[in-house]
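Some notes on the structure that comes next.
All ligand and atom numbering here is 1-based and tracks the order in the structure. FYI, side chains are in, hydrogens and waters are out, and symmetry mates aren't considered; it's all heavy atoms of this structure.
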Amino acid sequence: MASVLEIIPLGGIGEFGMNCMALRYGDEMIILDAGMGFPEETAYGVDVSIPNFEFLEPYRDDITAIVLTHGHEDHLGALPYILKKFNVPVYCSHFTAGLAESKLEEHELLGDVLLHRVEPRDIVELGSFIIEFIRVSHSLVDCFSLAIKTPVGTIIHTGDYKVDETPVIGEPIDLRSFRRYGQDGVLALLSDSTNATVPGRTPSERAVIPAFEEIFAEAKGRIIVAAFASSIHRIQIVMDVAQQFNRRVCVLGRSMQKNVEVADRLGYLDIPDGLLVALNQAKLMSDDEIVYLVTGSQGESRAALSQMATQSYKGLTIDEGDTVVLSARIIPGNERLISRMIGFIYKRGANIIEEKRRLIHVSGHASQEDIRILTEAVRPRYVVPIHGEYRMLFRHKEFVKNHLGYSEENIILIENGDVLEFDGERAAVIDKREIGRTFIDESGFEEISSDLVRERKQLAYEGTITLAITIDGETGELIGEPRIVARGVRGLSSNGMSSISSQGINDNGSEGRNMLKEALSVITAALAGASRQTMEDDSLLKEHLRVELKRFIYKQTGSKPVIMPMIIRV
Ligand SMILES: [Zn+2]
């Protein structure tokens, strides 16, 4: 067995989300994080994507564990899907386990999975990998970096982090442990790049408190705070400030309620007695006595805030005099949804406070000076930027090179599927593997094949052609003429739908009409030329007609609609 360490990212490098990485030494493999991504293909009914875990199939017997850095969806969301394929023990913090449990429960996996809860500074031996969990600060609570001792050297994987000396909940980042590893020698630091383009330090989670106090002091009516359901520090701040200003808190939205419940049950949130009220109770209170803490900061149409802004959420509507606080950043790609929702909120006559106007949101990720602090504590031989789009990885590299004195060959930029090999002497990308992604329909937790997504895309962009022919079941002869209906096909259906049959033509353009006529003769000719065997077999005949029509349409219009032949035998 070759004594090299391989690091293979399955996702999260060169993209936002879907963080997942395999570490392999000899015949042992561990998986770090199992995150979801949020593909742009949403329009085709795809909610999320996960790494294509088929890649791991050849290593089935080698995988010993999944280790999670923290509970954000882009690190945890794919856990049920990977466990359905490879049921190995999972190691994570108490809070991460709390979130993982409710996820596994939804997938009816809870009883079948071994979840190990670890504390900061716990050490877990997984064969050749000896892992210490180091406490880091982030927008979520109970988050870890991983220090992984391997036979070729120590690897530190930061997970998501920032250097927060005054978090709202829990202890500050454990820089002492990072320094301890730094003194012993670290081979490589795999480091969060999400905010590597941002100069300076990332503010502490506490930094938003003054703005919240001002907003609460000014607001005369109801206050509606939208935040990420996972921003546990922020949720605590809203509760504390509400208590200070004699308001009660009503939590709305499924994920917000779930996370508050988990964080409260595990003792991370400190909720004063009587602070939380149910919705029916909240509705009876006067406007200056209540705060709604809601989901939907990204303008998601099904979430509480959007519904309150457009119609109503369980009988609750945004009104004149309300103050809406968007305490979250805009996730790239959501700009238009958010902008539209803000428009609706203004139309309702409410006041809206965005991140741009007041310090009501801070990032959970390391800015450049945070990166400096951590990199200098660890002093690794190699820096490997992870977590982020290529632009961020590149800027991370530039920062480390220009400001921390690292040379080009000691900073390694990798991409998903790269096999980064360490043999103790040198580091190199020795191979590139095709990994890909799997799409998930969240409503049914079903995997959607990429063929299906492609077909949906084709339907959306190229339209459909339905072809119906009727055949005499006895004689095998064609009855009447074929009927062709085109929908959304460029050059064929100028205004929605057009169709042609022996009964006549119904469309809006002479060019399209002529082409449909020609298509009809192509079909007639194809039928005439079909063998007896083809005519008798539905699937052969359908394929024959589909191919002929596809060829003709592509030649004439340059488009590739989805063609659906139907054969009726009477
Ligand atoms: Zn995170």
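- For K103 and E106, the salt-bridge test fails: no basic side-chain N is under 4.0 Å from an acidic carboxylate O.
- In this structure, the side chain to side chain donor-acceptor pair (under 3.5 Å) partners of R117, at least two apart in sequence or on a different chain, are E101.
- Relative ring orientation between H138 and H72 is described as perpendicular, the plane-to-plane angle rising above 60° on a 0-90° scale split at 30° and 60°.
- Under the side chain to side chain donor-acceptor pair (under 3.5 Å) criterion, D240 pairs with Q236, sequence neighbours left out.
- One finds a salt bridge joining D174 and R121 here, because a Lys/Arg side-chain nitrogen approaches an Asp/Glu carboxylate oxygen to under 4.0 Å.
- Inside a sphere of radius 2.8 Å centred on the Zn ion (ligand 1), the protein N/O/S atoms present are H70 NE2, H72 ND1, H138 NE2, D160 OD2.
- A search for salt bridge (Lys or Arg N to Asp or Glu O under 4.0 Å) contacts involving E214 returns R358, not counting sequence neighbours.
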